[in-house]
A.B. asks: 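Before I ask anything, here is the structure I am working with.
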Amino acid sequence: MEVEQPVLAPAPAIDYSLDSSYRVVNGAKVKKITGVSNVRPEEVMVIVEYDDKGIEAVPSRILRNYFSSKLIDFYESKLDFRHL
């Protein structure tokens with residue numbers, strides 16, 4: 001008896017043409033990361049606060065290239081080893 005395999009929908013395409021519109025790509029300095037969002041199903045968005053108090057949602061793949069240490073620090077701050 002064969003097991004029927006589920007049909008998966010293709011992942012939504014990422015629009016790389018918008019990358020240059022993010023302030024971090026154009027040299028803005030990230031003060032801190034305030035959270036993450038799944039508002040775009042195709043990629044994780046990271047909510048950043050800039051030095052000038054501006055706030056923007058930036059794809060994590062972009063932030064990894066510009067402020068990887070801040071991204072790692074944010075994720076590490078969310079780890080809780082007391083419940084493992």
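The chain is numbered in sequence order, starting from 1.
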A.B. asks: Do E56 and Y50 have side-chain N/O donor and acceptor atoms under 3.5 Å apart?
C.D. replies: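 A donor-acceptor contact under 3.5 Å links the two side chains.
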A.B. asks: State the CD-NZ distance between E49 and K32, to the nearest 0.5 angstrom.
C.D. replies: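 Nearest 0.5 Å value for the CD-NZ distance: 5.0 Å.
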A.B. asks: With rounding to the nearest 0.5 angstrom, report the CD1 to CG distance, I62 to L71.
C.D. replies: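 The distance works out to 12.0 Å.
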A.B. asks: Enter the distance from K78:NZ to I33:CD1 here, rounded to the nearest 0.5 Å.
C.D. replies: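 Here the rounded value is 10.0 Å.
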A.B. asks: Quick check against the 3.5 Å criterion: does D51 have a side-chain atom that pairs as donor or acceptor with the backbone of A28?
C.D. replies: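 No, because the side chain of D51 does not come within donor-acceptor range (under 3.5 Å) of the backbone of A28.
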A.B. asks: Apply the test side-chain contact (heavy atoms from CB on, under 4.5 Å) to residues V46 and R64: give CA-CA distance (whole Å), side-chain angles for both, the deciding distance (0.1 Å), then the verdict.
C.D. replies: CA-CA 10 Å; V46 179; R64 280 194 308 261; over 6 Å; no
A.B. asks: Around atom CG of N38, are there more than 12 heavy atoms from other residues, nucleotides or ligands closer than 6.0 Å?
C.D. replies: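 Check fails, neighbour count at 12 or below.
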A.B. asks: Suppose the criterion is salt bridge (charged side-chain N to carboxylate O under 4.0 Å, His left out): which pairs have a residue in residues 65-76, not counting sequence neighbours?
C.D. replies: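 The answer is none; no pair qualifies.
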A.B. asks: Would a 4.5 Å heavy-atom cut-off, applied to side chains only, mark V30 and L63 as touching?
C.D. replies: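 Answer yes - side chains close enough.
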A.B. asks: Determine, using the 4.5 Å side-chain heavy-atom cutoff (strictly less than), whether V44 and Y16 are members of one ILVMFWY cluster.
C.D. replies: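 Unlinked, V44 and Y16 end up in two clusters.
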A.B. asks: Please round to the nearest 0.5 Å and tell me the distance separating atom CZ of F74 and atom OG of S60.
C.D. replies: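 Reported to 0.5 Å precision, the distance equals 11.5 Å.
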A.B. asks: When rounded to the nearest 0.5 angstrom, what distance separates CE in M45 from OH in Y22?
C.D. replies: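 So the gap between those two atoms works out to 4.0 Å.
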A.B. asks: Taking a hydrophobic cluster as the set of Ile, Leu, Val, Met, Phe, Trp and Tyr residues connected by side-chain heavy atoms closer than 4.5 Å, whether directly or through intermediates, do V24 and Y75 fall within one such cluster?
C.D. replies: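 Shared cluster, yes.
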A.B. asks: Please go through I47's hydrophobic cluster and name the other residues, only I, L, V, M, F, W, Y counting, with side-chain heavy atoms under 4.5 Å joining them.
C.D. replies: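 Hydrophobic cluster check, I47: joined to I55.
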A.B. asks: Taking only Lys NZ, Arg NE, NH1 and NH2, and the carboxylate oxygens of Asp or Glu, determine whether R23 and D52 approach each other closer than 4.0 Å.
C.D. replies: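 Salt bridge flag = yes for D52 with R23.
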